[in-house]
Amino acid sequence: VDNPDLSVQAIHRMVKLHKMKHKGLDFIVIDHFHIIKKPHKPTEQEQFAEISRALKIIAKEENISVIVLAQVNRGNSDRKVKNPLLNDVKGTSALVSDSDVILGLYRPSYDIKQRGDTPHPAVESVVELTAPKGRRLAGAKLYMNLNWSSGKLEGSLSEHAQVDYLRELQNADNKIGGSGGSGFKK
């Protein structure tokens with residue numbers, strides 16, 4: 001459903017109706033967290049916390065996965081390493097605490113271009129998928145190929161390509177200061 005003014009209660013009703021009509025539902029995707037209709041609470045933090053709790057309840061009551069896309073704060077622009085961290089999730093710590101798994105996407109080639117350099121071909125089309133939170137996943141990192149023409153992530157890098165990627169990322173790091181460098185996570 002493409003409606004930017006849905007409340008959590010409306011989402012829950014839609015889930016129940018879909019499950020009844022189609023005899024099941026495995027997951028829903030909410031794109032994105034910050035456009036869900038906010039409940040009447042004094043602060044935005046309380047509004048986001050209530051939405052987050054309600055989404056967690058939907059997941060538990062309906063036995064489905066709720067995948068929520070959320071914006072990250074622009075505060076990471078002050079950091080040399082721009083990869084998303086848990087405290088970058090915009091607007092609420094409640095979403096972080098209520099989530100079972102949090103995944104972040106990071107494209108180092110973007111940062112390399114932002115500082116005026118040209119990324120090496122081994123780095124250009126790589127997206128890092130990180131899991132800063134999740135049972136059995138915390139700290140996991142997967143290096144994926146980005147197909148620029150389709151905009152799709154297409155499988156993980158081979159072991160050889162991963163070695164090339166990490167080496168070239170280290171070279172890019174060394175170009176701007178060596179040991180202090182950008183601190184790109186390896």
Between the main-chain N or O of [Y] and the side-chain N or O of [X], is there a donor-acceptor pair closer than 3.5 Å?
{"X": "Lys133", "Y": "Asp100", "answer": "no"}
{"X": "Ser99", "Y": "Ile102", "answer": "no"}
{"X": "Glu50", "Y": "Gln47", "answer": "no"}

- Under 3.5 Å, is there a donor-acceptor pair between the Glu154 and Asn145 side chains? no
- Under 3.5 Å, is there a donor-acceptor pair between the Tyr165 and Gln170 side chains? no
[Y] side chain reached by [X] side chain, heavy atoms, under 4.5 Å:
{"X": "Leu137", "Y": "Val101", "value": "yes"}
{"X": "Ser93", "Y": "Phe48", "value": "no"}
{"X": "Lys113", "Y": "Asp117", "value": "no"}
{"X": "Tyr106", "Y": "Val127", "value": "no"}
{"X": "Trp148", "Y": "Ser125", "value": "yes"}
{"X": "Lys19", "Y": "Glu62", "value": "yes"}
{"X": "Ile36", "Y": "Leu55", "value": "yes"}
{"X": "Tyr110", "Y": "Ile112", "value": "no"}

Got a sec: does the [atom1] of [X] have more than 12 other heavy atoms crowding it under 6.0 Å?
{"X": "Lys56", "atom1": "NZ", "answer": "yes"}
{"X": "Lys41", "atom1": "NZ", "answer": "no"}
{"X": "His22", "atom1": "NE2", "answer": "yes"}
{"X": "Lys152", "atom1": "NZ", "answer": "no"}

Where do [X] and [Y] come nearest, in terms of heavy atoms and distance?
{"X": "Pro119", "Y": "Glu124", "answer": "CG-OE1, 2.9 Å"}
{"X": "Phe33", "Y": "Ala70", "answer": "CB-CB, 4.2 Å"}
{"X": "Ala49", "Y": "Asp98", "answer": "O-OD2, 4.4 Å"}
{"X": "Ala54", "Y": "Val8", "answer": "CB-CG1, 3.2 Å"}

Say whether [X] and [Y] are linked into one hydrophobic cluster, either directly or through other cluster members, by side-chain heavy-atom distances under 4.5 angstrom.
{"X": "Leu166", "Y": "Leu142", "result": "no"}
{"X": "Leu95", "Y": "Leu6", "result": "yes"}
{"X": "Val96", "Y": "Leu103", "result": "no"}
{"X": "Leu157", "Y": "Leu146", "result": "no"}

- Query: What do the steps show when you test Ile58 against Ile64 for side chain to side chain contact (heavy atoms under 4.5 Å, CB included), and what is the final call?
  - Reply: CA-CA 8 Å; Ile58 291 172; Ile64 62 171; 4.2 Å; yes
- Item | Chi angles and distances behind the side chain to side chain contact (heavy atoms under 4.5 Å, CB included) call for Glu128, Leu169 | CA-CA 12 Å; Glu128 296 180 8; Leu169 201 56; 3.9 Å; yes
Return the [atom1] to [atom2] distance between [X] and [Y], rounded to the nearest 0.5 Å.
{"X": "Ile51", "Y": "Lys38", "atom1": "CD1", "atom2": "NZ", "answer": "6.0 Å"}
{"X": "Leu129", "Y": "Leu153", "atom1": "CG", "atom2": "CG", "answer": "8.0 Å"}
{"X": "Asp111", "Y": "Gln114", "atom1": "CG", "atom2": "CD", "answer": "7.0 Å"}
{"X": "Ile11", "Y": "Ile28", "atom1": "CD1", "atom2": "CD1", "answer": "6.0 Å"}
{"X": "Thr130", "Y": "Leu105", "atom1": "OG1", "atom2": "CG", "answer": "7.5 Å"}

- Item | Check against side chain to side chain contact (heavy atoms under 4.5 Å, CB included), Val126 and Met144 | CA-CA 6 Å; Val126 175; Met144 311 268 315; over 6 Å; no
